[in-house]
Amino acid sequence: MATNSVDPLAVGRVIGDVIDHFEPTIDMLINYGMKKINNGCDIKPSMAADPPTVNIAGKTSDLYTLVMTDPDAPSPSDPKMREWLHWLVVNMPGSTDPSQGEVLVPYMGPQPPVGIHRYVFVLFRQATRLRDFSPPAGRAHFNTRSFAADHSLGLPVAAAFFNSHKEPNNRRR
């Protein structure tokens, strides 16, 4: 049966800018406090200063890699630092959360200097445990596709994104 739904990852240019088209096969729930991440929702940087709760489905015998990037750094009109790496966790067992994996790059909350930025979470199923792994040299110019290819991760199994923009100093909570 054909559907007329439009993939929000494609509309938000996550597919294209960060990842290739894929079919989601794992449920991934992401929350900042009580706010559930739905593709394209708005999250204030102050709400996302601390890591979100991320729960993934799957079997505990399966291992996953979670990547969070900003493809709009430093500005959506000139993303010359694309992608800015905000978080990287590997060897995360299914049916758990990032605290059960190995954090290679610690969480960094959104800090968009100008414009509306997309913050993208991508989940990959690992074929094997990643070993002898060095974190990237820096956060700028990370490439999710290249990272996945270099570590034989294949296509994502889940992805989600939210939008965020700089908060006025007098409105931060």
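Here, residue 1 is the first one in the sequence, and each next residue gets the next number.
Side-chain atoms of F142 and F147, non-hydrogen and from C-beta on, do get closer than 4.5 Å to each other. Annotation: side chain of L153 is in contact with side chain of T65 (closest heavy-atom distance under 4.5 Å). Annotation: side chain of F124 is not in contact with side chain of L66 (no heavy-atom distance under 4.5 Å). Side-chain contact between V67 and L85 is present, with heavy atoms from C-beta onward closer than 4.5 Å.
A donor-acceptor contact under 3.5 angstrom links the side chains of H21 and E23, judged on distance only. A side-chain donor from one of N91 and Q126 sits under 3.5 Å from a side-chain acceptor of the other.
Counting heavy-atom neighbours within 6.0 Å of H165 NE2, excluding the residue itself, gives a total of 12 or less. Counting heavy atoms of neighbouring residues, nucleotides and ligands inside a 6.0 Å radius, atom CG of D27 does not exceed 12 of them.
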### Message
Please determine whether ring pair (Phe, Tyr, Trp, His ring centres under 6.0 Å) holds for the pair Y119 and H86, giving the CA-CA distance in whole Å, both sets of side-chain angles, and the decisive distance to 0.1 Å.
### Response
CA-CA 9 Å; Y119 292 87; H86 279 263; 5.2 Å; yes
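At distances below 3.5 Å, not a single donor-acceptor pair connects side-chain atoms of N55 with backbone N or O atoms of D97. Between the side chain of N143 and the backbone N or O of S146, at least one donor-acceptor pair lies under 3.5 Å. Listed for the E83 side chain is a donor-acceptor partner under 3.5 Å among the backbone atoms of T144. Remark: the backbone N or O of D72 is not paired with any side-chain donor or acceptor of R82 at under 3.5 angstrom. Side-chain N or O atoms of H117 include one that pairs as donor or acceptor with a backbone N or O of V114 at under 3.5 Å.
E102 and R131 are not joined by a salt bridge, as no carboxylate oxygen comes within less than 4.0 angstrom of a charged side-chain nitrogen. For D70 and R118, the salt-bridge test fails: no basic side-chain N is under 4.0 Å from an acidic carboxylate O.
Using cut-offs of 30° and 60° for the angle between ring planes, the Y32 and F121 rings count as tilted.
The CE atom of M68 lies 13.0 Å from the CH2 atom of W84; values are rounded to the nearest 0.5 Å.
Checked options V103, D62, L63, I56; the residue passing with M92 is I56 (criterion: side-chain contact (heavy atoms from CB on, under 4.5 Å)).
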